[in-house]
Amino acid sequence: MSYTQTYLDKCEGLIKTVRSQESEIKTAAKWFSESILAGRMVHVFGSGHSRIMVEEMWPRYGSFPGFNPIVELSLTFHNLVVGANGQRQAMFLENTSGLAAQILRNFDLSNLDSALIISSSGCNIVPIEMAEIFRSKGIKTVGLISKLHSEASTSKKSDGKKLSDFSDLILDSGAPVGDAMVKIDGLETPVSPGSTIGSCMLINSMKAELAALLTQAGNPPKVLTAGSVVGSEKAAALFQAAYDEHGHRIAKMYQQNGIPSYVSDQNPLKGNQ
């Protein structure tokens, strides 16, 4: 059997794992629909390569507004590899306690919100503390991990807690310990990871269930759609409408954030001006 066939066979196993989680996928979609229908947002966070799943959720073709994609360049800017803004710094920062609180300090969080946090190991400090903060604010949080890899890994957090300890629901990408799925003859270490494949299937399964719930509720989502599908004029209108809706939603994340100022909604004199 070729190495290509070996990898594809492993991916078929990932499909089976995702398929077995249909109930959990539907639960996550229900939570997300409740936030979106309430005019709030689903906060989506991933550090390292987990940012891929954030961008897979929104914004891209076949996706729609309702999500707050939290992507920190200091944790995800990989293409330089070494030197300034290199990978070593990113790996260091994603295990810096307190950074999650500084990131979320930017947003006016509500228990009407929900959250999705992606971390293959579920053991790095920033995504764990992110989930811990969400839970403390009554925000339903979904953790997307690779269960086997997480169980075999040691948390970087001093108390040993993992992402799964602060998640209301766990989804499993199905990737193996170490993520890489193909062993090469004569090579000591395996290659070709699977967590991105499994996680993207989970993301898009949730997206489909969520789109159905929003449509059934009388608020069909504004889906970013190619001109080759709906025509260039309709596609442009959908893009503009979706981006505008995102702007309206994200504005609410800043309206009552932090210390009141004379222009903030908390100002008791604002209504008299």
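Throughout, numbering of the chain's residues begins at 1 and tracks the sequence.
Note that CD of E94 and SG of C123 are 11.0 Å apart. Values are rounded to the nearest 0.5 Å. Taking CZ from F32 and CE from M57, the interatomic distance works out to 5.5 Å, rounded to the nearest 0.5 Å.
Contact check for I117 versus L144: no side-chain heavy atoms found under the 4.5 Å cut-off. Between K26 and S23 the shortest side-chain heavy-atom distance does not fall below 4.5 Å. Looking at R60 and L224, their side chains never come closer than 4.5 Å, going by heavy atoms from C-beta outward. The closest side-chain heavy-atom distance from L202 to M53 is not below 4.5 Å. The shortest distance between side-chain heavy atoms of S150 and K162 falls below 4.5 Å. The shortest side-chain heavy-atom distance between L210 and F67 falls under the 4.5 Å cut-off.
Checked for salt-bridge contact, D168 and R135 meet the test: a charged N lies under 4.0 Å from a carboxylate O. For E151 and K147, the salt-bridge test fails: no basic side-chain N is under 4.0 Å from an acidic carboxylate O. Between K161 and D159 there is no salt bridge, since no side-chain N of the basic residue sits under 4.0 Å from a carboxylate O of the acidic one.
In summary, the side chains of D108 and Q255 do not present any donor paired with an acceptor at a separation below 3.5 Å, with no hydrogens or angles considered. In the model, S35 has a side-chain atom that pairs as donor or acceptor with a side-chain atom of S114 under 3.5 Å.
Listed by first then second residue, pairs satisfying ring pair (Phe, Tyr, Trp, His ring centres under 6.0 Å) with a partner in residues 225-245 read Y61-F239, F239-Y243, not counting sequence neighbours. Contacts classified as ring pair (Phe, Tyr, Trp, His ring centres under 6.0 Å) and involving residues 131-184 (residues at least two apart or in different chains) are given here: H43-F134.
Annotation for K10: atom NZ does not count as buried by contact number, only 12 or fewer foreign heavy atoms lying within 6.0 Å.
Each of L109 and V42 belongs to its own hydrophobic cluster when Ile, Leu, Val, Met, Phe, Trp and Tyr are linked at side-chain heavy-atom distances under 4.5 angstrom.
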Carefully, step by step, assess D179 and S195 under the rule side chain to side chain donor-acceptor pair (under 3.5 Å).
CA-CA 6 Å; D179 205 350; S195 62; 2.6 Å; yes
